[in-house]
Amino acid sequence: MKLKNQFFYTLRQESADEDSTSSNLLVRSGMIKKSSSGVYMFLPLGLRVLKNIEQIVREEMEAAGAQELMMPSLIHQEIYDKSGRSAAFGPSIFKLNDRYERPYVLGPTHEELFAIAAKMKVNSYKDLPFNIYQFQNKFRDEPRPRFGLIRVREFIMKDAYTFDRDMEGLDVAYGKMFNAYKNVFDRLGLNYVIVKADTGAMGGHLSEEFQAVCDIGEDILVMCDECDFASNLEVAEVISEGTEKGDEGEIEEIHTPNAKTIDELQEFLGEHPENFLKTLVYKVDGEFIAFVLPGNRQANEVKIGKMFNAISVELPEPEEIEEHTNGVVGYMGPIDLGIKVVADNSVLNNKSMITGANKKDYHIKNVSVPRDVKYTISGDISNIKEGDKCPKCGGKIIFKKGVEVGNTFKLGTKYSEALDLNYAAADNTLHPVVMGSYGIGIGRTMAAVVEQSNDESGIVWPMNIAPYKVYIVVIKDTNQEQMEAAEKLYNELNALGIDCILDDRKERPGVKFKDAELIGIPIRVTVGRGISEGQLELKLRTGGDVEDIGVSEIVSKIQEIVKNA
RNA sequence: CGAGGUGUGGCUCAGUUUGGUAGAGCACUACGUUCGGGACGUAGGGGCCGGAGGUUCAAAUCCUCUCACCUCGACCA
């Protein structure tokens, strides 16, 4: 691309309403522009990066035996009603009516449609397995779009779906896709970890997430400092200490005016939070249930939801709680609360605890969980925390933050059963097809790369996804010798399939250098005064000094750099 | 959905408290000087101040409604 007369611009200032390094750099370099909250335009330069990432994903999908196709975005809502996901997605699904008032949705993900398409092909066990995928815009009405391309409402996803006869077949298909995913993120040079995760609205048996490690990540990754344990916080199992803390004593009321939170109580009594019993009331599919856990642990709503196989787990308003229980918010305790009580594993043996008296301004002490707390169920309902024991090896737990760039699911038969995707086995009995689904957020991956690869001057694209590989700076666009040398190099590189930018704008050199760095082109060639001695300058975006190179060697040198990157 | 904030030229913002008919920097145009790391000077062009209604002789400024965007929280594959 010659910059003159092309749709190319950069901004010198940060955008006022971008909130992350990656979104600022992508906006400043003219690759994307926000269209409305959580919706972005991809401009020519940005689109090239997107397509490059897409191509890497495509190559790995094809290598894994997947076939590309394309589904519509506009889908009859009935299909999502049938699978129960209109409810599961709730307000996150974009809904609209056609002119006859028939309800449609903009597809948030496509398990249903792929299952329906698969019915065309699947009759017998001989028709399985197979694997199909697409790149397509997905729509999700996120409550709070954030961080540029990281959390958006319309985004391009590569979604793949595998179809097998049984779980053994799924294991094989899943393994292939899992490896393909590793290849993709390895090729992109991302620093990522793979964690076990909740299956959420997708359902099924297993979910693993590919998480790009970065500070603005919205997911907490739970890792072990000794073994390879890695899990999303949502599902990381807490190994309860099982200690028998304290001696049983008589319950005593203590006056604790205005000490409503664990922090205030700690301040007031001078006791460590682990000696408090925190009592939280959740509305689980409409039922008010109390959850008792140590003062130093957070409740985990995903675990609670699983415990009751519930669709919704929400924290009710204080008034609602007081209406439905005998408790007083701020002074809640599990004794005589009047509703079902669930105890966290880690408090079951504790015999000397402090908890709310269900009476304003009072707590009680010497509470023995085995003696005094009448719980219906116990289980693991809290978040693991840093410093806890690793559930796998007993090592120490550490946290990192991650951006979920890929997700794989062993779905099982959830969708095939809902949509009657069955096959006849060898004995002529009918069985539901066993499915897997696999997503990669393309735009989000692009943002994650920028988050991990930038410096004070701008983006540093890896060679294989850079929008162009070489940026040719012509120092003086009016100097004929310089322009001719630059054009010659430009043509030679293009002929070799090495995409390059020729900056032939009437700009001062400083402007061109700054732009080259901002947009992150890996190789910069400067055509300047040295040209009269047949010399060019070469500089890499990743660093290092400017190198003088003869005109005759420049092309082979660039080829070598591109090849070895 | 709750709380807070912001909408003024392409971009970043001042002006709003105390109404008087719109500014700065960057970007853009012309000319000149300069020109190998976001040049300088001079002269220009471009905005009915998010929208609607109201108060007033007069509204970017005050009042009402509304829309959009942002932050924190809630929520969330």
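Residue numbering restarts at 1 for every chain, and letters A, B, ... go by the order of the sequence lines.
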Margin query: Please give the distance between the P atoms of B:A14 and B:G7 as a whole number of Å.
Written below: 7 Å

Item checked: Partners passing ring pair (Phe, Tyr, Trp, His ring centres under 6.0 Å) against A:Tyr80 (at least two apart in sequence or in another chain) -> none

Note to self: Between C1' on B:U71 and CZ on A:Phe147, what's the gap in Å once rounded to a whole number?
What the structure shows: 11 Å

Item checked: Watson-Crick or G-U counterpart of B:C72, or none if no pair lies under 3.5 Å -> B:G2

Check: Are A:Lys138 and A:Asp159 ion-paired here, with the side-chain N under 4.0 Å from a carboxylate O?
Finding: yes

At a cut-off of 3.5 Å, list every protein nitrogen or oxygen paired with a nitrogen or oxygen from nucleotides 40-43 of chain B, distance to 0.1 Å.
none

Check: Considering only heavy atoms, which members of residues 29-36 of chain A lie under 4.0 Å from some atom of RNA chain B?
Finding: A:Lys34, A:Ser36

Check: In whole Å, what is the span from the CZ atom of A:Phe7 to the P atom of B:G10?
Finding: 15 Å

Checklist line | Pairing partner (Watson-Crick or G-U wobble, both distances under 3.5 angstrom) of B:C48 | finding: none

Item checked: By side chain to side chain contact (heavy atoms under 4.5 Å, CB included) - contacts of A:Pro143 (at least two apart) -> none

Expected rows: protein N/O vs nucleotides 73-76 of chain B N/O, under 3.5 Å:
residue : atom : partner  : partner atom : Å
B:C76   : O2   : A:Arg151 : NH1          : 3.4

Note to self: Generate the contact string for nucleotides 34-39 of chain B. Rules: B means base contact, S means sugar-phosphate contact only, - means no protein heavy atom under 4.0 Å.
What the structure shows: BSBBBB

Next item on the list: Tell which nucleotide pairs with B:C31, taking only Watson-Crick or G-U wobble pairs whose two distances are both under 3.5 angstrom.
Entry: B:G41

Check: Counting only Watson-Crick or G-U wobble pairs whose two distances fall under 3.5 Å, which nucleotide matches B:G19?
Finding: none

Item checked: For atom NZ of A:Lys506 and atom P of B:C28, their distance in whole Å -> 14 Å

Next item on the list: Classify the nucleic acid contact of A:Ser37 as base, sugar-phosphate or nothing, counting any heavy atom under 4.0 Å across all strands shown.
Entry: sugar-phosphate

Notebook entry, point to check: Do A:Arg151 and A:Glu142 pass the salt bridge (charged side-chain N to carboxylate O under 4.0 Å, His left out) test, and can you show the C-alpha distance, the side-chain angles, and the key distance before you say yes or no?
Noted result: CA-CA 8 Å; A:Arg151 180 160 296 274; A:Glu142 294 286 346; 2.9 Å; yes

Check: Which heavy atom of A:Tyr490 sits nearest a heavy atom of A:Met1, and at what distance?
Finding: OH-N, 2.9 Å

